[in-house]
Amino acid sequence: SPAVGADSGPPAGNAPATGGGVAAPAPTGPSVEASTPSGTPTRADAVRFLTQATFGATPADIERVLALGYQGWLDEQFARPGGSLRSSWDAAHAAIQAADATKSAGQREVLDAFYREAVTTDAQLRMRVAFALSEIFVVSFQNDAVTNNTRAVAAYMDMLRGNAFGSYRQVLEGVALHPAMGLYLSHLRNQKENVAAGRVPDENFAREVMQLFSIGLHQLNADGSRKLDGNGAPIATYTHDDIAGLAKVFTGFSYAGPDTHNNRFWGATGYQDPDRLWKPMQGYPQFHSVSEKRFLGAVVPAQGTAQPAASLKAALDTLAAHPNVGPFIGRQLIQRLVTSHPSPAYVGRVSAAFTGSGGDLKATVKAILLDSEARGSAALADPAFGKLREPVLRLTATLRALGATSDSGSWLISNTDDAATALGQTPLRSPSVFNFFRPGYVAPGTLSGAAGMTTPELQLTHESSVAGYANYMRGGVQSGWGMQGLDGKAARRDVQVDLSGEEAVADRPDELVDRVATRLMGAAAPAALRGELLTAVQSVAIPAARADGSNATQIANARRNRALIATFLVLVSPEFLVQK
């Protein structure tokens, strides 16, 4: 049965549905090809594009887009491999062990590696898409089975990033066989049924791979709207019998190794491959169900000899070929990259790119980012277009725009779970398999909610998180972010931004305000915000310099305070928080 809080696409009213299970006509909006932008982007265009495609625009990235155009920049990014979170974790672990063999790297080192890549990698698009995939194919440190298997989670992110521009079918197999997911959704060491003992296979992953990772709860039209039966009710995509059939498929998989001994299946001492936490799980025939497996109209016949790999292939091929996958996954990727409430036509064009390419994620990402709604100027004036930046992306955009550096080189930002004092979000620490926010979330008691709009990130937004974010960013801009060195004894926090240019022009308020706004938002602030920034900046008086230089410190402090105020107020402004 569906888990509480699940989503299978937009709520009623988001897009027309058709009765009787008949597919809707093809979307009438422009095709992907027709919507591909032409001409040279402006600087503001480039910043908007990079906000959607990266962890935040930098001056170098902006110049690259201006030089190459959107298509050229995408092609360059598609070819870049990026680094490895697991390799970073391994290096940190080796250093820790060299100093004290009783200690080990843990979650913090995974988060260090995440932020280092998010802020500094030149493979920005690959990392950004991998982050989006991590919020669809969720694995979380908050799960007891995962919390101490930190190397596995680092490797899981590497798997998502490695497959970010491959086929959806490749991602699905990578997810299904990754030991981090096997631990998280309990199909690692899942055993075949035993009627005499009353044992049935664990159904956890079988349910979620349909509900959350592929087809959702309801049959969808190509534009993401729900199909309806003759009574006007949504049509379910699967039943409990489908879950039970798939659960048999996901039996007999456990840690990789040179043999399929029972002890290796259970992970017994002496049978543990040193890389078992990142190598794909392997099949153990003695634990795999040989009975007939029925699911989603497919049948894997009863097997005289257990064939876990053949069963898995049949299941994943069936899921990947389901017509729901294009609109179900495509809409969520649009939400993660571009806009929270995409139009049916936008979803339809992306779904067509997904389906027409055989589930190629490179083609899908290209269709999302080059679509007329993502690139066209009309959306800038549409109050229903865009998205509230999720907290992690607000932070990374800030760090990249302001030229942040890490004193230790390790980016020691660590856990930011606390909504009252930090971001209320930490990468790879979702509270449940449903991610930090649901794709179909409609915020109650809001104007967007009254309009039936899906606004996932608003699920994280409340009185505590608004104040917590403001305080966290104020402290970061002023004093830096993260730990004070690897040993906690450094003179300042590890991650620092560069406001020297702002301090240099602090005696010219107009220039200061325009510089800060341009760095963080890509353009001068709108008139109302600009007026507020000027008022705030001018409230800090810069004393006249004395001939003997005795008040140089007071002057420097006033200049810095002006720079800090302007920067902080932009970071908490709606114009920065809302991505258009």
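Computation of the quantities below employed the complete heavy-atom set of this structure, encompassing side-chain atoms and omitting hydrogens, waters and symmetry-equivalent molecules. Index from 1, following the sequence.
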Note, Ile136 side chain near Gln332 side chain (heavy atom, < 4.5 Å): yes
- prompt: Going by heavy atoms in the side chains, are Leu412 and Arg108 under 4.5 Å from each other?
  reply: yes
One should read off an interatomic distance between Leu361 CG and Asn163 CG, to the nearest 0.5 angstrom, of 8.5 Å
(message) Can a side-chain donor-acceptor contact be found between Ser88 and Arg116 if the only test is distance below 3.5 angstrom?
(response) yes
* Do side-chain atoms of Asp242 reach the backbone of Thr239 as a donor and acceptor pair under 3.5 angstrom? -> yes
Pair Phe131 + Phe114: ring centers closer than 6.0 Å = yes
Using the six-membered ring wherever Trp is involved, compare the ring planes of His187 and Phe205 and label them parallel, tilted or perpendicular (cut-offs 30° and 60°). parallel
Rounded to the nearest 0.5 angstrom, the CD-CG distance for Glu109 and Leu85 is 12.0 Å
**Item:** Validation row: Leu393, Arg128 side chains within 4.5 angstrom (heavy atoms)
**Value:** yes
For Glu135 and Ser430, what are the C-alpha separation, side-chain angles and deciding distance, and is it a side chain to side chain donor-acceptor pair (under 3.5 Å)? CA-CA 8 Å; Glu135 295 189 328; Ser430 166; over 6 Å; no
To the nearest 0.5 Å, atom CG of Asn435 lies from atom CG of Leu212 at 10.0 Å
### Short side-chain to backbone donor-acceptor contact, Thr260 and Tyr284, under 3.5 Å
no
Rounding to 0.5 Å, atoms CD (Gln71) and CG (Leu370) come to a distance of 5.5 Å
> Would you call the rings of Phe253 and His288 parallel, tilted or perpendicular if under 30° counts as parallel and over 60° as perpendicular?
Replying inline: perpendicular
Notebook entry, point to check: Hey, is the main chain of Ala302 close enough, under 3.5 Å, to the side chain of Ser291 for a donor-acceptor pair?
Noted result: no
> Taking the side chain as C-beta and beyond, is there a heavy-atom pair between Asp75 and Lys366 under 4.5 Å?
Replying inline: yes
>> I'd like to check Met210 versus Leu319 (side-chain heavy atoms, cut-off strictly below 4.5 Å). Are they in contact?
In response: yes
Determine whether the aromatic ring centres of Phe49 and Trp73 lie less than 6.0 Å apart.
yes
To the nearest 0.5 Å, atom CZ of Arg438 lies from atom OG1 of Thr454 at 11.5 Å
Indicate yes or no: at least one non-hydrogen side-chain atom of Pro234 is less than 4.5 angstrom from one of Leu228. yes
To the nearest 0.5 Å, atom CD of Gln52 lies from atom CD1 of Ile334 at 11.0 Å
_Taking Asp144's backbone N and O only, do any of them form a donor-acceptor pair with Thr147's side chain (distance below 3.5 Å, no angle check)?_
no
- Got Met281 and Met181 here, is their nearest side-chain heavy-atom distance under 4.5 Å? no
Q) Is any side-chain heavy atom of Arg126 closer than 4.5 Å to a side-chain heavy atom of Gln77? A) no
(Q) With a 6.0 Å cut-off on the ring centroids, do Phe287 and Trp266 count as close? (A) yes
Hits for side chain to side chain donor-acceptor pair (under 3.5 Å) against Thr339, two or more places apart or cross-chain, chain-then-number order -> none
ring-ring contact (aromatic ring centres under 6.0 Å, His included) pairs touching residues 87-108, sequence neighbours excluded, are Trp89-His93
